[in-house]
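So the structure is just underneath, and the comments pick up after that.
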Amino acid sequence: MATTVIDTIPAHLKPFVPSPTPATVTTEKSTIWGWLTTTDHKKIGTLYLFTALFFFLVGGLEAEIIRAQLGGPNRHLVSAETYNQIFTMHGTTMIFLAIMPLSAAFFNFIIPLQIGARDVAFPRLNAFSYWVYLFGGLFISIPILFGHGPNGGWFGYVPLTTRAYSAGINIDFWVIGLQILGISSLAAGFNFITTIINLRAPGMSLMRMPVFTWMAFVVQFMVILAFPVITIALFFLMMDRFFGTQFYEVAAGGDPLLWQHLFWIFGHPEVYILILPAFGLVSEVLPTFSKKPLFGYPVMVYSGILIGFLGFGVWAHHMFAVGMGPVADSVFGVTTMLIAIPTGVKIFNWIGTIAQGQFKATSASLFCVGMVALFTIGGISGVMHSSPPADLQQTDSYFIVAHFHYVMFGGSIMGLFGGIYYYFPKFFGRLLNEKLGKWHFWLTFIGMNLTFFPMHFSGMLGMPRRIYTYDAGQGWEVFNHISTIGAYLLAVATAIFIYNFFKSRVSGPAAGPNPWGAGTLEWTIPSPPPVYNFAVLPTVTSRYPLWEGKQADIEGARINQQSGKTAEQLGIVIPYSTIKPLLAAAFMIIMFSGLIVGHWLILVGAAATVLALYGWLTSPLEPEHH
Amino acid sequence: MSTATVSHHYSSTGLENRKIAIWAFIGSECMLFVSLISTYLIYKDRSVVGPYPHTPWTDPSTGHVYHAILNIPVTSASTFILLMSSLAMVLALSAVENKGKPQHNLGERILGNSKLWLFMTALLGLGFLGCQAYEFTSFVNEGLTIKTNLFGSTFFTLTGFHGAHVTAGVIWILTMLFIDFKRGLGPSDALNVDIMALYWHFVDVIWVAIFTLVYLIR
């Protein structure tokens with residue numbers, strides 16, 4: 001099985017390999033009201049995709065301003081205060097508003113299709129997650145336009161972020177906004193855990209699940225266990241700032257390290273929450289374009305689970321510089337080295353997948369190969385930090401900035417771009433332009449290295465993180481200059497992508513159900529999928545039903561590829577559209593805003609939220625059926 | 001909460017979706033309370049000024065003597081009330097599950113009365129909240145507020161968080177009681193009551209941990 005190549009498929013199964021004359025694209029037109037009230041996981045996934053890409057551009061713009069400011073010594077493009085807001089929002093935006101929701105776009109759109117489900121377990125909760133994300137994202141992002149953006153760094157260390165040192169409302173938006181965004185992630189976490197456990201099609205055993213779904217499954221557990229911790233950390237800070245408690249008040253015996261521990265107990269699992277979905281996408285793309293099942297599937301799954309577990313045991317390596325003592329330093333140094341093992345295993349398995357296969361270079365596969373290469377660099381510099389003495393030299397320097405951008409950009413973003421090129425046809429029924437895609441890839445790959453590789457050197461030469469500007473003559477100019485050129489190149493690359501995205505969405509070639517000749521369940525249905533996804537629930541007998549499937553797989557695929565029937569014709573019950581999740585989300589934001597506007601608004605917002613929830617929970621999800 | 005709760009959807013495990021989701025939710029809530037309780041324990045005995053939970057304190061500037069703040073007898077009573085509410089919840093669930101079965105004697109009629117047991121659960125929950133309100137008020141009168149010291153900040157936040165969970169639970173139970181009066185709960189509603197009961201028992205278990213770690217261990 002392990003070396004099954006797609007070309008060895010018997011002739012009578014061939015129709016499911018890329019069809020030479022793709023069907024035309026049938027898309028359902030949707031009104032604004034349709035989008036606001038949707039409970040369809042595919043539409044919600046599309047909303048996530050567009051919103052996350054928008055915030056990716058916002059975060060990218062902030063990055064460009066940072067690089068322009070640092071491009072040469074003693075520049076004053078923006079004021080120091082504005083600079084603080086911009087780097088804080090760059091980190092916050094990219095992590096919470098771009099990468100996580102971009103992953104969520106794929107969770108929403110792809111997971112039900114990969115496991116053979118008609119929707120997620122809780123369609124309305126899914127809509128609620130999205131609207132909370134959107135409103136929370138705006139809540140935290142808009143203040144910077146008025147010069148009141150959060151300015152305490154994305155990790156908001158106390159005591160800097162306490163009222164005594166940050167009196168303005170800047171940090172208030174951050175403290176409240178992140179709690180709001182946490183609610184969105186938690187709701188999605190419960191939803192997807194239930195979906196993956198309970199809505200797998202007959203025969204879709206856990207060890208037949210596509211690795212993307214597996215990694216998403218691990219991520220959801222990390223989300224529901226890590227987000228409560230930062231919620232409490234933020235809640236303490238909120239209480240300190242608004243209600244005079246003393247959690248982080250040193251004079252009262254409080255300990256700022258409490259914040260650091262709570263934050264990083266969340267913060268390090270968060271790193272894996274950001275990277276595992278990209279791991280999953282790469283594990284889908286590389287087999288397809290190597291025409292070969294993923295090398296070492298069980299090991300890939302187990303290493304993902306192991307990363308999930310170990311991810312909770314390494315947090316204090318972010319805190320070596322605070323002086324925790326030799327025992328804690330050693331323990332967290334060792335666990336950090338340990339987590340490199342399952343991660344390394346994954347890299348070797350991806351190489352093994354490509355090595356024996358017939359690799360085809362497409363935009364999607366190039367981004368994924370680029371991801372493997374760049375993530376490896378970031379992983380290696382990460383292991384360097386696991387040694388406390390080495391970390392003490394590197395911490396808070398641009399070396400760290402280089403490291404985590406190799407992981408976050410080289411890893412997450414490259415993997416997610418690979419996912420976009422791969423799944424764009426499934427989202428919109430059309431292919432992205434390959435030529436522009438390859439330009440996008442090469443410019444991104446070169447620009448990315450040009451931007452972040454020199455930061456290793458400027459960091460080793462002592463350039464601190466978050467610095468506003470610097471004097472000439474410290475050896476930093478040339479590296480910063482290169483970094484800035486690289487950042488401009490990334491802007492060009494992203495512009496090409498945006499053009500390609502919007503052009504191809506309208507006029508790209510029709511893709512058909514399975515443009516790549518992929519083997520998993522999501523490719524057995526039309527692109528874009530009909531509202532009910534699967535006309536008949538598939539019966540799964542293997543990991544790649546389209547490659548190594550039995551007659552049952554093939555028969556299900558044949559029926560499901562035929563589009564055109566409506567849900568009513570097939571007798572499939574579709575959940576009602578409803579505005580109530582949006583209302584509940586909006587009222588909840590109003591409740592949180594009361595902390596800043598006036599405490600009476602908290603009560604009004606809470607009452608309205610409860611009413612909206614009652615309306616939601618007492619109305620039926622879908623028409624009666626038997 | 002609608003009548004369309006008995007769904008005929010396919011499920012891989014045979015379990016209802018909401019049953020899985022509530023367990024995931026409870027797992028998540030554990031981390032919430034672990035963070036709160038850990039913070040309380042880390043900050044135990046680190047308050048710079050009194051009043052303190054288990055020992056008296058004399059204010060050096062005024063000479064005023066504050067006695068040990070925690071009122072163990074009252075809280076023991078409220079703990080008992082909350083634990084009894086769990087018992088009532090078990091009976092409420094059982095009554096809903098067995099609705100429609102023949103009842104032969106007074107005992108079976110009482111045990112089979114879901115309205116009675118839902119009402120008792122809510123009443124006991126409200127009793128616990130009443131004790132907490134009394135406790136908070138008397139602490140404030142004695143000079144301990146959320147701003148006084150680390151003990152005040154951590155204690156009120158932790159127990160307040162728990163109290164908010166109990167409040168949400170009471171609202172949930174009263175809603176269910178309202179539905180029971182309106183159209184009567186039956187075996188098809190058992191899942192809804194079961195999920196509510198899981199939440200309620202979880203909130204109780206958390207209180208057992210809080211009572212032990214905050215009140216009983218000095």
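Chain identifiers are assigned alphabetically (A, B, ...) following the order of the sequence lines, protein sequences preceding nucleic acid strands; residue numbering begins at 1 within each chain.
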Rounded to the nearest 0.5 Å, what separation is found between the CD1 atom of I196(A) and the CD1 atom of I20(B)? 11.5 Å
Under a 4.5 Å heavy-atom cut-off, does chain B meet the side chain of L537(A), its backbone, both or neither? side chain
For N198(A) and T13(B), does a side-chain donor sit closer than 3.5 Å to a side-chain acceptor? yes
Look only at the side chain of S12(B) and the backbone of R200(A), and say whether a donor-acceptor pair between them is shorter than 3.5 Å. yes
Proximal component of T154(B), with respect to chain A [non-hydrogen, under 4.5 Å]: both
Taking C-beta and beyond as the side chain, do N17(B) and L199(A) meet within less than 4.5 Å on heavy atoms? yes
Between Y43(B) (side chain) and D255(A) (backbone), is there a donor-acceptor pair under 3.5 Å? yes
So, does Q246(A) use its side chain to make a donor-acceptor pair with the main chain of K147(B) at under 3.5 Å? yes
Interchain contact, T148(B) with chain A, by part (heavy-atom threshold 4.5 Å): backbone
How far apart are the closest heavy atoms of F161(B) and F235(A), and which atoms are they? CE1-CE2, 3.3 Å
Looking only at heavy atoms, which two atoms of G253(A) and V48(B) are closest? And how far apart? N-CG2, 3.7 Å
Roughly how far apart are T39(B) OG1 and F247(A) CZ, rounded to 0.5 Å? 7.0 Å
Chain B heavy atoms under 4.5 Å from A187(A): which part of the residue, side chain, backbone, both or neither? neither
Any side-chain heavy-atom pair from F227(A) and S28(B) closer than 4.5 angstrom? no
Got a second to check how far L150(B)'s CG is from Y248(A)'s OH, nearest 0.5 Å? 11.5 Å
Considering only heavy atoms from C-beta outward, does the side chain of L36(B) approach that of F236(A) to under 4.5 Å? yes
State, to 0.1 Å, how close L258(A) and I42(B) come at their nearest heavy-atom pair, and which atoms those are. CD1-CD1, 4.3 Å
Part of L125(A) within contact of chain B (heavy atom distance under 4.5 Å): neither
Need one label for I197(A): side chain, backbone, both or neither, based on atoms under 4.5 Å from any heavy atom in chain B. both
How long is the span from the OG atom in S35(B) to the CD1 atom in I265(A), to the nearest 0.5 Å? 7.0 Å
Ordered numerically, the heavy-atom neighbours of chain A under 4.5 Å found in residues 122-143 of chain B are none
Report yes if some heavy atom in the side chain of I22(B) is under 4.5 Å from a heavy atom in the side chain of F190(A); otherwise report no. no
Heavy-atom distances under 4.5 Å only: say whether F221(A) touches chain B with side chain, backbone, both or neither. neither
